[in-house]
Amino acid sequence: MKKYRLVVIDDHHDILDLLRYNFLQEGYEVKGFFNAVDALKYINIDNTDLVVTDWMLPEMDGLELCRNLKMSPSTQDIPLVMLTGKNDEIDTVTALEVGAEDYMVKPIRIKEMLSRVKKILRRKVTVEAGQARKDVREIIECGVLKMNLTSYKVFMNDELLELTIGEFKLLELLVKQPGKVFSRNQLIEKINGSQYFATERSIDVQIAGLRKKLGIYKDAVETVRSVGYRFKPPGPLKGE
């Protein structure tokens, strides 16, 4: 059985020790850091399966670390769990928009933390296994939209769109079943899992950001009043 390698970052010694101890008890290999700069250097040269990081850190905060990981092809698939004392909805949305896989507010509930990490790693293994068996289509084409599920690239009429991981996952779900109406709760559950808590407003914020990046094709993501959202395959614009 594979022994997962975790990187844990927190500038408070007691919290870092608590996390390291419990992850070690679960059988993970754990590398701890007091700052994100040293952690990023380590992640870039060593295999890492998952990162757990505090948001408020010296030199480089957890949000900037997440951005760095998601910008690099070699680290963009590493899931990151954000820990923070921030508990406003906008903070949760911001972290997810940047690419965090999950978000937990301090004080840390250890059993919940361990459960969420296990679930993320199981999902990661399932995706990797599916890719290895080539059961997952690498390319999805729908109208003038093309999605590469391996490189996380999206093209509209051959123009590359700069999407966050959250926006990509949301679009992927809609595109895979064009015309199907998803409620906000269905989108939250299918993207993050049934145990994940998020408000319906967070989905509206992500949809708004996605539409903005779709530009002239923004109407491809349709609002179904009082229900949710669906994807309408966009064709060439008039005059093209």
Checklist entry - Would the number of heavy atoms belonging to other residues, nucleotides or ligands and lying under 6.0 Å from NZ of Lys86 be above 12? => result yes
Item to check | Approximate separation, where rounding is to 0.5 Å, of Thr84 OG1 and Asp10 CG | outcome: 10.0 Å
Checklist entry - Should the ring pair Tyr42 and Phe33 be called parallel, tilted or perpendicular, given that the plane angle runs from 0 to 90° and is split at 30 and 60? => result tilted
Checklist entry - Looking at Lys169 and Glu101, does any basic side-chain N land under 4.0 Å from a carboxylate oxygen? => result yes
Next on the checklist: Do Ile110 and Leu83 land in one hydrophobic cluster if side-chain heavy atoms of ILVMFWY residues count as linked below 4.5 Å?
Outcome noted: yes
Item to check | Atom pair CG (Leu170) and CD1 (Ile203), whose distance is rounded to the nearest 0.5 Å | outcome: 5.5 Å
Checklist outcome for this item: Only one of Asp49, Ile78, Thr48 passes side chain to side chain contact (heavy atoms under 4.5 Å, CB included) with Val7, and that residue is Thr48
Next on the checklist: Tell me whether Lys218 at atom NZ has more than 12 heavy atoms from other residues, nucleotides or ligands lying less than 6.0 Å away.
Outcome noted: no
Checklist entry - Around atom NZ of Lys213, are there more than 12 heavy atoms of other residues, nucleotides or ligands at under 6.0 Å? => result yes
Checklist entry - So which of Arg211, Arg230, Lys180 actually passes salt bridge (charged side-chain N to carboxylate O under 4.0 Å, His left out) with Glu222? => result Arg230
Next on the checklist: With clusters defined by side-chain heavy atoms of hydrophobic residues (ILVMFWY) lying less than 4.5 Å apart, directly or transitively, does Ile216 cluster with Val144?
Outcome noted: yes
Item to check | Sidechain N-carboxylate O distance under 4.0 Å for Asp46, Lys31 | outcome: no
Next on the checklist: Is the shortest side-chain heavy-atom distance between Glu97 and Gln206 below 4.5 Å?
Outcome noted: yes
Next on the checklist: In the structure I gave you, are the side-chain heavy atoms of Phe182 and Val224 within less than 4.5 Å of one another anywhere?
Outcome noted: no
Item to check | salt bridge (Lys or Arg N to Asp or Glu O under 4.0 Å) between Asp102 and Lys119, worked out | outcome: CA-CA 11 Å; Asp102 207 342; Lys119 186 170 184 177; over 6 Å; no
